[in-house]
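Written below as structure tokens is the structure these notes are about.
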Amino acid sequence: MAASPAYGEEKGGSSSLGEPEYGHDPASGGIFSSDYKRHDDLKEMLDSNKDSLKLEAMKRIVAMIARGKNASDLFPAVVKNVACKNIEVKKLVYVYLVRYAEEQQDLALLSISTFQRGLKVSWSEDPGEVWRSTEPPTAAASHMSPQDPNQLIRASALRVLSSIRVPIIVPIMMLAIKEAASDMSPYVRKTAAHAIPKLYSLDSDQKDQLIEVIEKLLADKTTLVAGSVVMAFEEVCPERIDLIHKNYRKLCNLLIDVEEWGQVVIINMLTRYARTQFLSPNQNESLLEENTEKAFYGSEEEDAKDAKAEAASLAKRKPYVMDPDHRLLLRNTKPLLQSRNAAVVMAVAQLYFHLAPKAEVGVIAKALVRLLRSHSEVQYVVLQNVATMSIKRRGMFEPYLKSFYIRSTDPTQIKILKLEVLTNLANETNISTILREFQTYIRSMDKDFVAATIQAIGRCATNIGKVRDTCLNGLVQLLSNRDELVVAESVVVIKKLLQMQPAQHSEIIKHMAKLTDNIQVPMARASILWLIGEYCEHVPKIAPDVLRKMAKSFTNEEDIVKLQVINLAAKLYLTNSKQSKLLTQYVLNLAKYDQNYDIRDRARFIRQLIVPTEKSGALNKYAKKLFLAQKPAPILESSFKDRDHFQLGSLSHLLNAKAVGYQELPDWPDEAPDPSVRNVEVCGAPWVHGGGGAKVPEWTKCTSREKRKEKVEKPFYSDSEGESGPTESADSEPESGSEENSSSSSSGSSSSGTEEEEEEEEEDSGEQSEDKEEEEEEEKRPKRKDKEGSHKAVLGRVGSPSEEEEEEEGAKKSKKKVLQGRKGRAETSSEASTSESSSSGSDSGSEAEAKQRKAPPSSKASSKEISLLDLDDFTPPPPQPIPSSSIISTSLVTDLEGLTLTDTSLTPTLLSPAFSAVKTYELLHRMAGEGLAVEYCFSRRPFPGDPHMVAVQIQISNNTDTEVKNLRVNEPKPLSGMRIQEFPEIEHLAPGDTASVVMGIDFCDSTQAANFQLCTHTRQFYVSIQPPVGELMAPVFMSENEFKKEQGKLMGMSEITEKLVLPEKCRSDHTIVQQVTSAANVGRVPCGASNEYRFAAKTVTSGSLVLITLEWREGSMAQLTINSEKMVIGTMLVKDIIQALTQ
Amino acid sequence: MIHSLFLINSSGDIFLEKHWKSVVSRSVCDYFFEAQERASEAENVPPVIPTPHHYLLSVYRHKIFFVAVIQSEVPPLFVIEFLHRVVDTFQDYFGVCSEVIIKDNVVVVYEVLEEMLDNGFPLATESNILKELIKPPTILRTVVNTITGSTNVGDQLPTGQLSVVPWRRTGVKYTNNEAYFDVIEEIDAIIDKSGSTITAEIQGVIDACVKLTGMPDLTLSFMNPRLLDDVSFHPCVRFKRWESERILSFIPPDGNFRLLSYHVSAQNLVAIPVYVKHNISFRDSSSLGRFEITVGPKQTMGKTVEGVMVTSQMPKSVLNMTLTPSQGTHVFDPVTKLLSWDVGKINPQKLPSLKGSVSLQAGTSKPDENPTINLQFKIQQLAISGLKVNRLDMYGEKYKPFKGIKYMTKAGKFQVRT
């Protein structure tokens, strides 16, 4: 993407393009022929030589895609332009390609090479070379501009390549990703991280390999990569939580500087991680939950009190100490509550909700309430989460009660959610205000909302006993409301409330009985009937009358009402059979012939139950108990209850159902797992990026320190003060001075902060080097700490290290002293500069000095130190742990070799090409050839006529009983580029005779078959020779040093590494060499190490080097590495050799 | 992450689709249409709709539904926030975001979408960066391109993503270096029948327009930073500096951006600059009602209240209104039952009022709800919370920029219950 410069489409320009196009739109024309016609002219435009025509065509095609029109038939015409020079055309072609490649896989393959080229762009120019070579990195390398366009081209190529969903190219994608993952540029590595899930979705078999790449990228220390790789981790292997250990602290520390989308993904992942690794901070509080809940979010005093109370009561239990890493996470995510991005705020909020000790969760409320000002969709999601949180932690949102008040302009769904929250927040102290609010809501025009309000009132009434009567009275008043919906809803709610204490409310029941004449809403009618039936003893006079009325209208009622009529009749029959016997029978008879079988069944059942007959036995006696049993009052509770078992802020939580791919939020462990897994090894391998935190490798520390020291020394403050002097004008007012002066103590300490940060920016803009970026990230952390520290220690102590640092730094005393001194000096100079800006001169002097001081050690230091330095500061991680370790060992070997061994002194068994057993292949079977049998083999001798041809020895035997004449090759039909040198015509071949001839074929370094005709005087046979990949090369002989040098040039994409297990019989030097040489026409290269075998060859046509290294590790393990710029050959050769070795 | 995006207009046509992974058939939108039908109004369409194989997350802005299709678990706010960012970007590019504009610029739109997501994961969402990748259309460039027939391919590669300051492009140059800051405060309030305040709070933002050469480093300080109760920052603001010193220190993005939004808590007493006297009554017996409202200034710190606009949603049973305003113009739409009165400036000597009668549908009983009154107004040169910028300093560059600051107070969601 980034590869192409910006371009855009003009309003006017596009409308001139766009209009005719819309005119042509098949949707408007609706005729197929015109559609075809149009595509024809698009094809013509694409085939033209003019970029402007191509561009116009592509714009029209993209517009078609955008509108969902099918443009797939243009594929061949479009894909031709993939290599177009015009960058705008090219980008649109990419867009097209990504859209349709899946449908046209074969054709899409044609374009692959373009991206491959892009990926490999100018390796030699790449600064990556510098550190791969043995030379120490020079200053030039570290100052390479990040604007190096190559990385943008590489990234863009990888992005498109990985977006083409064609399974055939999976291996190529895999290689490209691996390569890009160790690219110099963090931007390319980011793209690699993006490509991982793409490949995974295409072919999930690659998981293991992808996890390796993820593991490596997780160790990356740039903020650019962090978000993307965690996203890949979440999509590919969210269960591999163990990969996070080593990177945990680094991720925590980088978090604030990661781009916002990455922050969301990282925070969500870390929430899950923390749940598996730390102990619940609330485990001890659970005992006290009830009594502390309310006080918790009050004042700090109260918190302290609670803490004491807990401490006292929990003296017996093991005291809980929060893991410092747990604390680190909480501390580093908190500032993100201030993010402008709602998703980030939500992510932090859920992290605090799930991970923080109760006393600290309160901080998220304010931020969440702030989000309520945002778009209604954001409000919707936030309110859902607030609703869940407010059930568990009511106190948290209580201060913000008024923020949930409802406006008439809110959309209904928002209103209902706010209502939910208000209801959750209601308690004895605020219920009166809430009820007053509810009263206004009931008069709203939005009836759905009114109904919800009535339900909310019902819930408040059940939860808070004190207001139950008030609510009930209010609801009863609503029964006289004009709106039927309101009345119906009230009835339903009243019914539920009455169930709690029916005895006192016979008046209300009577009132409701009167309503049966007016209310038509079935649910409400049913509720009233149920109430009367249930409490018929409280209203003995009215109940039979209601039944009478209902019997009259029975046939016109809804089913749900009918059922309740039957119910009422049954209950009345049992309690008051004298008055209601006939009515009941009438109703039951009506029900018997009802259309609904439910009602018929119910009637039959009830008749049997209540009317005593001879048949109905024991059950009859219990009928009364059955019908008039005490029913438990319904519990009105929030639908958000217990939703918090889903991770808050997740889709699953919102839907209250597990969404695809949802990762359960694990429960806290009972025992904390070993916290040391997160320690980053102090003297570990250099490619482990010291993420920061407490256990940074020492050398990382001091190098970054050194840098900083240098920075601090620059007289930034005075400079800028001098500059900014004149700039402060317009809006600065005289009063400001006094305020500043009064706070001078704090500004003193702040100056160091400013200084550093300004410094950094200034330097960056100066150099713009890529490593800067990384370095900066690394620096920010300590700096922040610094700032905290300096904040604590006012003025005089600023220069001295804070305690934290002291702990961390440990041994590095001497360096530190220097640092301290310098820092102090810098400090004083900056201080002085606040009063007199003239001191800038001397300061810049010290800056120069610092630079001088810094320069020599970096160039002179011993080689080992350099490698550390360079890994830390200048370069991205080395490609792979394995190669890098082998680099070290081989370089050692090289050195040794230089001392003791010469190339000649090593006398390897130089293998003649004829050494290995020659395999023969059949060209023409005896039967097919009607007696003529032809076999061929690769003689591995150079073809005399043309060095670019592979010599193929052909053996023809005549098994017929007649002479074969004029045997020759005819009409060779080589594929493009392939050449065939025919063998001279064989004039006679007597019966039983055998002739051997040699022909040369230039296979163009591909394993495509060479097709030709073999003619005799009577017949012609179509035959083809397909070379094994190993025969496409000729051995070359080189020294070990040469080999290594060449190998160094063929790293990365050109390197293919595979592990294998050597079988028992194949573990001797001899067999290994034999097997390899039989598989491929290669020459052995001398090698110093006993367990390594090297072979080299050149492809016959293009003369590209093919370097084979076989490293035999302990036991049967071995690793095969092939370096060749011909990737295809490399891949196939690996396969062939492994087959040869393991068979 | 985000699989596909469909843009749907209010009449239910899908007029643009973009897929970041394999293609999802547009028939998936049928579920959306179903939900749309169920919801009476556009804003009531649920933002998250589950379907058997996908989830549809949508936002509704500028009469367009932006429907994202996702296939697996993802934080819903992530998608919603992103969709809003897309709309903001379109607005930034084309001035307005409408169906016509999107159709006119379909290729640019498509390109922008392509850059914003990679495999459904956000890639470049900073408008500074996007504008470097894909130039927004301008009139000048349009003219030049129509004449010369050239394309507007930039000759430099975008660097923002790679620079240390990801939100700012490098090599910015201006002849006039200027930095403007607008402090805009909105009052959200609910006033009850009797005129007392139920809830009131101030939401403020500082919008900046910074056109400065090079890599300036700005520091903005306030006279009374403690007023700010809750703040959220543009990513460029250094949080630690704010924490420790209450100073905004940042390297600004180029052009327009929102530096800060803040909240002045409800605990502080909020001055309500206007009051509304109302007398709305419907009589049960007759089909006529009385309607009378007067708007007056309350606590305006001596500034004029202008741009006053009163809107009110009348009950359904209102047939028509016969009103006479003392100033401004009023409209009553008998279909939507929306009354709006454009008042203009409030003159404290002669308070604007709107009086008249309401005719109700004959035969219906009087509506039991009274309409709420929504108020809009503006006060120039005043930040109602009293927030004041102290000074703005620039470091890192040598020139002297022109600086300006403007204050304004507006009504946010200002509602009077009657």
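Throughout, protein chains are lettered first and strands after them, A, B, ... in sequence-line order, and every chain is numbered starting at 1.
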Open item on the list: Heavy-atom cut-off 4.5 Å, strictly under: side chain, backbone, both or neither for A/Glu235 against chain B?
Closed with: side chain
- [ ] Applying salt bridge (charged side-chain N to carboxylate O under 4.0 Å, His left out), run through B/Glu115 and A/Arg159 and close with a yes or a no.
- [x] CA-CA 11 Å; B/Glu115 294 304 337; A/Arg159 190 176 159 205; 3.3 Å; yes
- [ ] Name the region of B/Asp192, side chain, backbone, both or neither, that has any atom closer than 4.5 Å to a heavy atom of chain A.
- [x] neither
- [ ] Name the region of B/Trp20, side chain, backbone, both or neither, that has any atom closer than 4.5 Å to a heavy atom of chain A.
- [x] backbone
TODO: Evaluate the side-chain proximity of A/Glu259 to A/Thr223: yes if any heavy-atom separation is below 4.5 Å, no if none is.
DONE: no
- [ ] Using a cut-off of under 4.5 Å on heavy-atom pairs, state which of B/His53, B/Glu186, B/Glu41 scores highest against chain A.
- [x] B/Glu186
Task: Interface moiety of B/Arg85 toward chain A, non-hydrogen atoms closer than 4.5 Å - done: side chain
Task: Which atoms of A/Val369 approach chain B - backbone, side chain, both or neither, heavy atom under 4.5 Å - done: neither
Open item on the list: The criterion is side-chain contact (heavy atoms from CB on, under 4.5 Å); which residues satisfy it with A/Ala367, sequence neighbours excluded?
Closed with: A/Leu337, A/Val345, A/Arg370
- [ ] With the side chain counted from C-beta on, respond yes when A/Tyr405 and B/Ile198 share a heavy-atom pair under 4.5 Å apart, and no when they do not.
- [x] yes
Task: B/Thr372, part contacting chain A, at a heavy-atom distance under 4.5 Å - done: side chain
Task: Heavy-atom proximity to chain A below 4.5 Å, by part of B/Phe121 - done: both
- [ ] Say whether, by atom type as modelled, one donor and one acceptor occur between the side chain of A/Asn385 and the main chain of A/Gly649 under 3.5 angstrom.
- [x] yes
TODO: Check each atom of A/Gln647 against the heavy atoms of chain B and say whether the ones under 4.5 Å are side chain, backbone, both or neither.
DONE: neither
Open item on the list: Taking side chain as everything from C-beta outward and backbone as N, CA, C, O, which of these in A/Asp448 sits under 4.5 Å from a heavy atom of chain B? Side chain, backbone, both or neither.
Closed with: neither
Task: Residue A/Val381 versus chain B: region with a heavy atom under 4.5 Å - done: side chain
- [ ] Sort A/Thr433 into side chain, backbone, both or neither according to what part of it lies under 4.5 angstrom from a heavy atom of chain B.
- [x] neither
Open item on the list: Tell me which of these, B/Tyr93, B/Trp242, B/Phe15, B/Phe82, has more heavy-atom pairs under 4.5 Å with chain A than the rest.
Closed with: B/Phe82
- [ ] Specify which of A/Met445, A/Arg407, A/Lys658 makes the most heavy-atom pairs with chain B at under 4.5 Å.
- [x] A/Arg407
Open item on the list: Quick check on the interface: out of A/Thr412, A/Ile414, A/Val62, who has the most heavy-atom pairs with chain B under 4.5 Å?
Closed with: A/Thr412
Open item on the list: What part of A/Ser652 gets within 4.5 angstrom of chain B, counting heavy atoms only: side chain, backbone, both, or neither?
Closed with: both
TODO: Please report the closest heavy-atom contact between A/Ala342 and A/Val378, naming both atoms and the distance.
DONE: CB-CG1, 3.8 Å
- [ ] Can you see which heavy atom on B/Ala39 is nearest to which on B/Val45, and at what distance?
- [x] CB-N, 3.7 Å
Open item on the list: Within the 4.5 Å heavy-atom criterion, are A/Leu651 and A/Tyr662 side-chain neighbours or not?
Closed with: no
- [ ] Using a cut-off of under 4.5 Å on heavy-atom pairs, state which of A/Glu103, A/Arg373, A/Gln663, A/Glu437 scores highest against chain B.
- [x] A/Arg373
Open item on the list: Can you tell me which of B/His19, B/Gln203, B/Met1 forms the most heavy-atom pairs within a distance under 4.5 Å of chain A?
Closed with: B/Gln203
TODO: Answer whether the closest heavy-atom distance between the side chains of B/Pro235 and A/Arg340 falls below 4.5 Å.
DONE: yes
Open item on the list: Which atoms of B/Phe402 are under 4.5 Å from chain A, going by heavy atoms: the side chain, the backbone, both sets, or neither?
Closed with: neither
TODO: Select one option (side chain, backbone, both, neither) describing which atoms of B/Leu113 are under 4.5 Å from chain A's heavy atoms.
DONE: neither
TODO: Taking the six-membered ring of B/Tyr110 (Phe, Tyr or Trp), confirm whether the NZ or CZ of B/Lys18 is under 6.0 Å from its centre and within 45° of its axis.
DONE: yes
- [ ] Specify which of B/Ser58, B/Gly120, B/Pro122 makes the most heavy-atom pairs with chain A at under 4.5 Å.
- [x] B/Pro122
Task: Proximity breakdown for A/Ile406 and chain B, heavy-atom pairs closer than 4.5 Å - done: backbone
- [ ] Using non-hydrogen atoms and a 4.5 Å limit, figure out which bit of A/Tyr380 sits close to chain B: side chain, backbone, both or neither.
- [x] side chain
TODO: Would you check if the side chain of B/Glu81 reaches a backbone N or O of B/Phe78 as a donor-acceptor pair within less than 3.5 Å?
DONE: no
Open item on the list: I'd like to verify something: which residue of A/Lys198, A/Arg99, A/Met346 has the highest number of heavy-atom pairs under 4.5 Å with chain B?
Closed with: A/Lys198
Task: Under 4.5 Å from any heavy atom of chain B - which part of A/Glu260 - done: side chain
Open item on the list: Heavy-atom cut-off 4.5 Å, strictly under: side chain, backbone, both or neither for A/Met231 against chain B?
Closed with: side chain
Task: For chain A, the option from B/Glu114, B/His84, B/His234 that forms the most heavy-atom pairs under 4.5 Å - done: B/His84
Task: Residue A/Val344 versus chain B: region with a heavy atom under 4.5 Å - done: neither
Open item on the list: Is there a side-chain contact between A/Met58 and B/Val107 in this structure, where contact means two heavy atoms from C-beta onward sitting under 4.5 Å apart?
Closed with: no
Task: Which portion of B/Leu16 sits near chain A, non-hydrogen atoms under 4.5 angstrom - done: both
TODO: Answer whether the closest heavy-atom distance between the side chains of B/Leu7 and B/Ile102 falls below 4.5 Å.
DONE: yes
- [ ] Give the member of B/Gln71, B/Arg61, B/Lys193 that has the highest number of heavy-atom pairs under 4.5 Å with chain A.
- [x] B/Arg61
TODO: Below 4.5 Å from any heavy atom of chain A, which atoms of B/Tyr60 appear? Answer side chain, backbone, both or neither.
DONE: both
Open item on the list: Donor-acceptor pair, distance only, cut-off 3.5 Å: does the side chain of B/Asp188 make one with the backbone of B/Lys413?
Closed with: yes
Open item on the list: Checking B/Ser22 now: which residues fulfil side-chain contact (heavy atoms from CB on, under 4.5 Å) with it, not counting sequence neighbours?
Closed with: A/Glu102, A/Arg165, B/His3
Task: Part of B/Val79 within contact of chain A (heavy atom distance under 4.5 Å) - done: neither
Task: Contacting moiety of A/Ile65, where chain B heavy atoms sit under 4.5 Å - done: both
Task: Heavy-atom check, side chain of B/Glu201 versus side chain of B/His263, under 4.5 Å - done: yes
Task: Among A/Ala659, A/Gly227, A/Gly661, residue most engaged with chain B (heavy-atom pairs, under 4.5 Å) - done: A/Ala659
Task: Any side-chain heavy-atom pair of B/Arg417 and A/Thr440 under 4.5 Å - done: yes
TODO: State, to 0.1 Å, how close B/Val231 and A/Gln338 come at their nearest heavy-atom pair, and which atoms those are.
DONE: O-CG, 2.8 Å
Task: Short side-chain donor-acceptor distance under 3.5 Å, B/Arg238 and B/Ser249 - done: yes
